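Heavy-atom basis, side chains included; hydrogens, waters and symmetry copies ignored. No experiment lies behind these values; they were computed from the predicted model shown.
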Amino acid sequence: MTVTTSTHLPPTLLNSCAWAATAREAAYRIDKPPAYVRTSRVFALDPGAAGVVRDVAALPWHDTRFITSFDAGTLDDELRDADFAMMIATADDGAAAAYSIGHACWERGITTAGIVLDLGGLGPRQGATEAVNALRPHARVLLVTRDRQDIVEILGEVGA
């Protein structure tokens, strides 16, 4: 048996991600809304995130429930019929809640996203390190950002 491999592989360049923003790559993007509406849950993991979640909840959504205070006793009810869950943190206060929600979603096969919103410009090392660590094993997508609009964009893209 002979195995052949290509000896010419283009290098992975530091600017490779920048290529995704070019007009050439834009031709491959899907420019239509999701095919179906997801039954989504958005959890605020700490008081700072609760304010952000209330602001986002004021926008028009489909079948999305926004939870600003976590209660482990009602988690089963909150996740019933959900197929997408987003957890939002601004501090380490909600690390235990992130673990509980993430693990419950994993057990139920619910797709998850974790957003750590850096409101103070401190970055994950100074701000919400424990929240990042708690979200990491349970969030299919984990984003540390300073832009609240990222939350709206992700929810829109998943059909929330």
Side-chain angles (χ1 to χ4, degrees), residues 14 16-18 20-21 25-26 29-160:
L14 293 175
S16 294
C17 291
E25 292 297 318
R29 292 198 187 112
I30 300 170
D31 261 350
K32 63 180 186 176
Y36 64 95
V37 173
R38 291 188 183 268
T39 302
S40 304
R41 304 295 180 262
V42 179
F43 292 91
L45 299 178
D46 57 68
V52 173
V53 168
R54 278 190 285 277
D55 291 345
V56 172
L59 300 171
W61 299 104
H62 299 287
D63 190 10
T64 302
R65 192 176 316 155
F66 296 86
I67 299 102
T68 57
S69 62
F70 175 72
D71 179 0
T74 63
L75 188 56
D76 284 336
D77 292 335
E78 296 292 0
L79 293 176
R80 186 168 288 117
D81 300 324
D83 56 12
F84 177 76
M86 177 182 280
M87 298 168 278
I88 301 173
T90 62
D92 286 334
D93 302 9
Y99 176 82
S100 297
I101 296 164
H103 188 72
C105 289
W106 173 77
E107 288 180 329
R108 293 163 177 79
I110 298 171
T111 301
T112 56
I115 308 290
V116 177
L117 191 58
D118 181 15
L119 296 177
L122 300 173
R125 290 189 180 169
Q126 299 292 325
T129 308
E130 288 179 32
V132 169
N133 291 337
L135 286 166
R136 184 174 285 136
H138 298 292
R140 185 169 193 142
V141 174
L142 179 58
L143 175 66
V144 178
T145 183
R146 291 182 183 157
D147 189 356
R148 295 171 184 227
Q149 188 62 29
D150 289 339
I151 297 166
V152 174
E153 295 294 328
I154 292 171
L155 287 172
E157 290 301 318
V158 299

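Contact detail for Arg41 and Arg65: the closest heavy-atom pair is NH2-NH2, 3.2 Å. The shortest heavy-atom contact between Ala50 and Thr68 is CB-O, 3.7 Å. Across all their heavy atoms, Ala113 and Ala139 have their closest contact at C-CB, 4.1 Å. Between Ile88 and Val42, the closest heavy-atom pair is CD1-CG1, 3.7 Å. The shortest non-hydrogen separation linking Asp93 to Pro47 is OD2-CD, 3.8 Å. Closest approach of Leu45 to Ala98, counting heavy atoms only: CD1-CB, 3.6 Å.
The shortest side-chain heavy-atom distance between Ser100 and Phe70 falls under the 4.5 Å cut-off. By the 4.5 Å heavy-atom criterion applied to side chains, Ile154 and Leu143 are counted as neighbours. Between Leu75 and Phe43, the closest side-chain pair of non-hydrogen atoms falls below 4.5 Å. Contact annotation: the side chain of Leu155 approaches that of Val56 to within less than 4.5 Å [non-hydrogen atoms, C-beta and beyond].
In terms of the salt bridge (Lys or Arg N to Asp or Glu O under 4.0 Å) criterion, residue partners of Asp76 (sequence neighbours excluded) are, by chain and number, Arg108. The side chain to side chain contact (heavy atoms under 4.5 Å, CB included) test applied to Asp55 returns Arg148, not counting sequence neighbours.
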Show the numbers, then the answer: is there a side chain to side chain contact (heavy atoms under 4.5 Å, CB included) between Val152 and Trp61?
CA-CA 10 Å; Val152 174; Trp61 299 104; 4.1 Å; yes
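Atoms CG and OG1, on Asp150 and Thr145 in that order, are 3.5 Å from each other to the nearest 0.5 Å. In this structure, Cys105 SG and Asp83 CG are separated by 10.5 Å, a value rounded to the nearest 0.5 Å. Taking OG1 of Thr90 as the start and CG of Leu117 as the end, the distance is 7.0 Å to the nearest 0.5 Å. Rounding to the nearest 0.5 Å places CD1 of Ile67 at 7.5 Å from CG of Leu79.
Using a 3.5 Å distance cut-off with no hydrogens or angles, the side chains of Thr39 and Asp81 do not pair a donor with an acceptor.
Ring pair Tyr99/His138 is perpendicular by interplanar angle, where above 60° counts as perpendicular and below 30° as parallel.
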